[in-house]
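Before we start, here is the structure in question, set down as structure tokens.
Numbers restart at 1 for each chain; the letters A, B, ... are given by sequence-line order, proteins then strands.
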Amino acid sequence: MSPEYIKEIVSNHKGELGALISILEDIQDRYHYLPEEALRIVAGETGRSLVDIYGVATFYKAFSLKPRGKHHISVCMGTACHVRSAPGIVDEFTLQLGLRPGETTQDGEFTLETVNCLGTCALGPIVLADGHYFSNVKRQDVKKILPKIKSGFVEEPGDREDRLFPVEVYCPHCNHSLMDEQNPIEDYPAISLGYSFNEMRGWVRMSSLYGSHCLESEHPIAADTTVKLFCPQCHAELVGKTACFDCGSPMVKLGFLGGGSLLMCTLWGCNNSEISLNGHHRRDEHTGESREHILG
Amino acid sequence: MVTLTINGLKVRVEEGMTILEAARFVGFPIPTLCHNDGLSPYGACRLCVVEIGQEPKSKLVSSCTYPVEEGLTVRTASQRVLKARGMIIELLLASCPQSKTIQDLASAHGVHQQRFKQEYEDCILCGLCVRTCSEQMMAHAIGFRGRGENRSIGTPFDISSDVCRLCGGCMYICPACQLRCTYNQPQHAICNACANLRPPCIEKEGYNNLMCYMEPCVACEIK
Ligand code: FES
Ligand code: FES
């Protein structure tokens, strides 16, 4: 844990009223838990008493004071999921991992937790693992889910179990749909865009399934190339104000049908994308980082 | 100035006072537990309930946190209030029977039974110690932690605090751990000893301090 990093987080939130929770969230994002030392630094930097901060940190279930594993599994035990046999799923995870809810494996890989409702009751039982939602989970699915979590969700194409929905996007400049019905990928209309890099121009079509990174492009593009993306209709360059939370490359902003926007990282192979449903990214102005991981 | 009616008596008090302050100012006693004159109101124990408003729409509020309003009607000892207060004391007894403060309250308010599952907590989460620590001692050494069932009071990380000056203020003010009551009927976890003395030690009316003035208590011999 680096004190400088904590101090930086605190200074990022300077002047915000009631920034404590945001600060703790940022620390938790980075370390997966709230180290004692970090809380002491936050207390020193913000001028609040340690006991206040500790009170907040222990009040919210989202914060953990114990180190959590690399992979964080939450099994929903809310009413709807419970009646659809979520307890059996917890038992199965317990069996497979040798953990009781709230514990972390010895090798620091997995933390198992139960939560009370993830807000998607109709799709229950729900398992949330590292930000990925698994819906309609059955007891026998647990064995299949675990390796996926372990491999960090690199998936084989065609394997669609944990994806929830296709998205539809439009160009924010000309409002034309970017969906290509003629050339579906994975049975859904593809998102079609123009790209340019190193004076090369071409087209790219990507799967519109949120969370899938299947795509076809005119030229082979090496990983770690930053590309410019264009609307195929009005040829305007797609831009965005934010930087990717994972790699720091600029993200482009597409209109999201039904309100909001979809942000996509322009670094080839980074595959990071985010949906902002209210059309407004909470932190744009402050840190240049977009942090609204709603799904994915 | 604000005019309000307390138990049928029209009174004029300063704006910004709480109902509790106003009622005490004009001489109506309201029992309190988590209230202390030197500390900010907190409203944790609800013992200070009073009834406000007109009959069918009247409601119970905690007087220690409710500011006076123009034209408010307050009843500090209506049937409804007494019933609620008795219930609160019973619940407090259910969690902390060993507290002399609570046992005294029970005797003074005629609570003779405790119908709930008996627990033996040593904290009723009234927050007096937390407020003493931060408001009077400016130490901020202890505070609330967790929530719901797991809420507790203590230092961060449960280790001895480096800002605590060991003043003992928290123990001094605590109504639950300061005096251990051994109550003479352990199966009922209710003492009532002073109320059963002849003549009774605590009189229901006219005795406003509630803590017994005799030390040690002649009935239960606690110092
Ligand atoms: S009960 Fe599981 S998502 Fe609501
Ligand atoms: S004295 Fe008013 S709620 Fe405790």
Side-chain angles (χ1 to χ4, degrees), chain A residues 1 3 6 9-10 18-21 23-25 27-28 31-68 74 76-79 82 100-104 111-117, chain B residues 34 36 38-46 65 95 121-177:
Chain A
M1 199 207 76
I6 309 286
I9 290 178
V10 176
L20 181 57
I21 292 184
I23 293 171
L24 296 184
E25 273 178 341
I27 298 173
Q28 166 121 344
Y31 300 105
H32 305 297
Y33 80 110
L34 299 174
E36 177 177 338
E37 208 33 55
L39 294 190
R40 287 184 192 279
I41 296 171
V42 173
E45 293 290 301
T46 57
R48 306 178 73 132
S49 60
L50 179 62
V51 62
D52 281 355
I53 293 167
Y54 186 78
V56 172
T58 51
F59 186 87
Y60 293 101
K61 236 190 157 175
F63 296 128
S64 164
L65 293 169
K66 278 192 289 172
R68 279 179 176 168
S74 318
C76 181
M77 284 280 259
T79 316
H82 199 284
R100 261 168 302 159
E103 291 179 348
T104 304
T111 298
L112 180 64
E113 252 170 33
T114 60
V115 292
N116 301 327
C117 195
Chain B
C34 71
N36 187 294
L39 304 173
S40 58
Y42 187 64
C45 70
R46 318 310 283 182
T65 53
S95 61
E121 309 282 350
D122 41 21
C123 179
I124 51 171
L125 299 173
C126 66
L128 277 172
C129 53
V130 174
R131 281 172 288 152
T132 306
C133 188
S134 61
E135 292 168 16
Q136 291 296 333
M137 296 303 153
M138 310 299 162
H140 299 280
I142 52 174
F144 286 100
R145 307 159 315 167
R147 69 166 163 192
E149 264 206 309
N150 302 321
R151 198 153 169 84
S152 66
I153 290 176
T155 56
F157 307 103
D158 270 327
I159 50 179
S160 68
S161 164
D162 39 10
V163 286
C164 172
R165 299 193 295 271
L166 301 178
C167 70
C170 46
M171 284 185 278
Y172 171 75
I173 199 136
C174 179
C177 65

For A:Glu36, give me all partners under side chain to side chain donor-acceptor pair (under 3.5 Å), at least two apart in sequence or on another chain.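 Residues passing side chain to side chain donor-acceptor pair (under 3.5 Å) with A:Glu36: A:Arg40.
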Please flag which part of B:Phe144 lies under 4.5 Å from any non-hydrogen atom of chain A: side chain, backbone, both or neither.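 The backbone, not the side chain.
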Only counting residues at least two apart or in another chain, list the ones meeting side chain to side chain donor-acceptor pair (under 3.5 Å) with B:Ser134.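 So B:Ser134 forms no side chain to side chain donor-acceptor pair (under 3.5 Å) with any residue.
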Keeping to residues at least two apart or across chains, list the salt bridge (charged side-chain N to carboxylate O under 4.0 Å, His left out) pairs with something in residues 127-150 of chain B.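 Sorted result for residues 127-150 of chain B: B:Arg145-B:Asp158.
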Interchain contact, B:Ile159 with chain A, by part (heavy-atom threshold 4.5 Å):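 Interface part for B:Ile159: side chain.
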Side chain / backbone / both / neither for B:Ala141 at chain A, heavy atoms under 4.5 Å: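 For B:Ala141, the backbone is the part near chain A, not the side chain.
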For chain A, find which of B:Gly154, B:Ser161, B:Pro156 contributes the most heavy-atom pairs closer than 4.5 angstrom.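 Winner by heavy-atom pair count: B:Pro156.
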Side chain, backbone, both or neither: which part of A:Leu39 has a heavy atom under 4.5 Å from chain B?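 For A:Leu39, the side chain is the part near chain B, not the backbone.
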Part of residues 43-52 of chain A lying next to chain B, heavy-atom separation under 4.5 Å: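 Expected list: A:Ser49, A:Leu50, A:Val51.
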